[in-house]
Amino acid sequence: MSVVYNRQKMARYGINAEVLNDVITMGFAGKKAGVILEGERQFDLVLRYDKSSRQSLDHLKNSLVDLPGGLRLPLSEFANITYQKGPAKISRDNTNRRVVVGVNVRGRDLQSVVDDIQSRISNAIDLPPGYYIAYGGQFENLQAAQSRLRMAVPIALFLIFVLLYFAFHSVREALLIYSAIPLAIIGGVVALVLRDMPFSISAGVGFIALFGIAVLNGIVLIEHFNELKSSGMKDIKERILIGTRDRIRPVLLTATAAALGFLPMAVSTSAGAEVQRPLATVVIGGLITATLLTLLLLPLLYLVIEGRNERLKVKPIITLICILLIGMPLNMRGQQILSPDDVVAITLTNNWNLQSQQKAIRQASILTGATKKANFTEFYYEFDRANQGPDGAILHTLGASHSFNPPAVHAARLEKQIAVLKLEEEHHSLLS
């Protein structure tokens, strides 16, 4: 029910909108008219139309309004009362009205759907002033989870490398086992593509779990190679053949047990399957490629590294630097080689102290030039209403003034300013 007041007619009868609002509130929502006491208990006495008088538009139109003169007229005399389409509920968020449009996404990833919505809204809809669009719900959770993953994944990779280094006390062997991680990533991405699944937060968590499982195969293989070496087996090829043959069963068992453990999640169709399937798919696909490539590629890398005559010896400080470099992104694009003269020129241009000193020199030079100039003659005009002549007329004063400095004072000021300028120039030369 829409009630639009006729302001001119209300003013003619001498009533305001508050009176009409009280009538509508009292009749349809109820209004407190007093208090009922029952012993020590108190109850509000609420006045409201009965249910049968609140059902149609005529009931609202026939609601009587008390006028200042004692007359009573129906509400329809002061308002246009009609049925209008409008929101069934007005929601607010941070003192702003909010309209929620819900969308269920099926068969696509949430990020691409929101990107399409944003592009179509920006191209086809011109929002009035004061209106804005916010994307919440699962998309808001996705953005928060992505920000956490951007921190969790590098930290997990860095910690894996640190633990591998402390386990083998060798950067070479730690990097050798670390190569299983990119091999596992390949399998996880291929598995998602084959099952036509988008990358999601659960898939990102699956990659983190995959990193830890993938390095187990490399640890089992490299650790056995080191045991054979310490037992006196000097031939690298023999060591690789025997070590791989001895450890092929544990490697396959480790990967198969983990993959079979995630298999029920990969084929799940029950509640929560949209979270379980991407995670399990990433782990199973990554373990397949990581296991196969570890048994084939890792022994070849071990042969290349250990077959060198000159062994790599890394000092502790260099090892620490390598660990730090592994954990931080490097971007070598856009670098250029500069000559020493170019470096000096760039340094002089971007040095804040030199720039400040150059400005100080310009200031001292300007003040030196101003000191050489003579003072200007000042002309003034003034009058005072309180200072009047005998005939009551206001006295006006017009005059000129000029100040002269003695030659000794003028020379001393100029000498001082020249000394300041020379001092600033010497300071600049020292900084350069």
Side-chain heavy-atom pair [X], [Y] within 4.5 angstrom cut-off:
X	Y	value
Leu47	Lys31	no
His224	Asp246	yes
Ile121	Ile133	yes
Leu297	Leu301	yes
Lys229	Arg239	yes
Val282	Leu192	yes
Lys61	Asp58	yes

ask   = Residues two or more places apart in sequence or in another chain: which of them pass salt bridge (charged side-chain N to carboxylate O under 4.0 Å, His left out) with Arg41?
value =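 Expected list: Glu38.
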
Those residues at least two apart in sequence (or on a different chain) that pass salt bridge (charged side-chain N to carboxylate O under 4.0 Å, His left out) with Arg72 are Asp66

If you compare all heavy atoms of [X] against all heavy atoms of [Y], which two are closest, and at what distance to 0.1 Å?
X	Y	result
Val215	Ile160	CG1-CG2, 4.0 Å
Gly30	Arg48	N-CD, 3.7 Å
Leu73	Glu77	CB-CG, 4.4 Å
Leu57	Thr82	CD2-CA, 3.9 Å
Pro68	Gly14	CG-O, 3.5 Å
Val23	Leu64	CG1-O, 3.8 Å

Could you state the interatomic distance from [atom1] ([X]) to [atom2] ([Y]), rounded to the nearest 0.5 Å?
X	Y	atom1	atom2	answer
Phe262	Leu279	CZ	CG	6.0 Å
Arg245	Leu295	CZ	CG	14.5 Å
Leu60	Gln55	CG	CD	12.5 Å
Leu303	Phe225	CG	CZ	9.5 Å
Phe28	Met1	CZ	CE	5.0 Å
Ile177	Leu163	CD1	CG	11.5 Å

Side chain to side chain contact (heavy atoms under 4.5 Å, CB included) with Ile24: of Val65, Val3, Ile81, only one passes, and it is Val3

Atom [atom1] of [X] with >12 non-hydrogen neighbours under 6.0 angstrom:
X	atom1	value
Asn94	CG	no
Arg97	CZ	no
Asn123	CG	yes
Tyr132	OH	no
Gln8	CD	no
Tyr131	OH	no

Check: Between Tyr135 and Ile117, does a side chain to side chain contact (heavy atoms under 4.5 Å, CB included) hold up when you go through it step by step?
Finding: CA-CA 10 Å; Tyr135 301 89; Ile117 294 174; 3.9 Å; yes

query: Would Asp116 and Ser119 count as a side-chain hydrogen bond (donor to acceptor under 3.5 Å, both in side chains) if you check the C-alpha gap in whole Å, the side-chain angles of each, and the deciding distance to 0.1 Å?
result: CA-CA 5 Å; Asp116 291 344; Ser119 63; 4.7 Å; no

Sequence neighbours excluded, the answer for side-chain contact (heavy atoms from CB on, under 4.5 Å) partners of Met10 is Tyr5, Arg7, Ile15, Ala17, Leu20, Phe78

(message) Please verify the inter-ring angle class for Phe211 with Phe207; under 30° counts as parallel, over 60° as perpendicular, anything in between as tilted.
(response)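 Correct class here is tilted.
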
- Item | Verdict with supporting geometry, Ile181 and Leu157, side chain to side chain contact (heavy atoms under 4.5 Å, CB included) | CA-CA 9 Å; Ile181 291 179; Leu157 294 175; 3.9 Å; yes

Look only at the side chain of [X] and the backbone of [Y], and say whether a donor-acceptor pair between them is shorter than 3.5 Å.
X	Y	value
Asn16	Glu18	yes
Asp50	Ser53	yes
Thr291	Ile288	no
Arg54	Tyr49	yes
Ser231	Leu228	yes
Thr256	Leu253	no

Problem - Stepwise side chain to side chain contact (heavy atoms under 4.5 Å, CB included) check, Ile213 with Leu287 - result: CA-CA 8 Å; Ile213 302 175; Leu287 286 177; 3.3 Å; yes

Run the side chain to side chain contact (heavy atoms under 4.5 Å, CB included) check on Phe43 and Leu37 step by step: do they pass? CA-CA 6 Å; Phe43 301 93; Leu37 300 177; over 6 Å; no

### Residue pair Asp115 / Ser112, side-chain donor-acceptor N/O under 3.5 Å
no

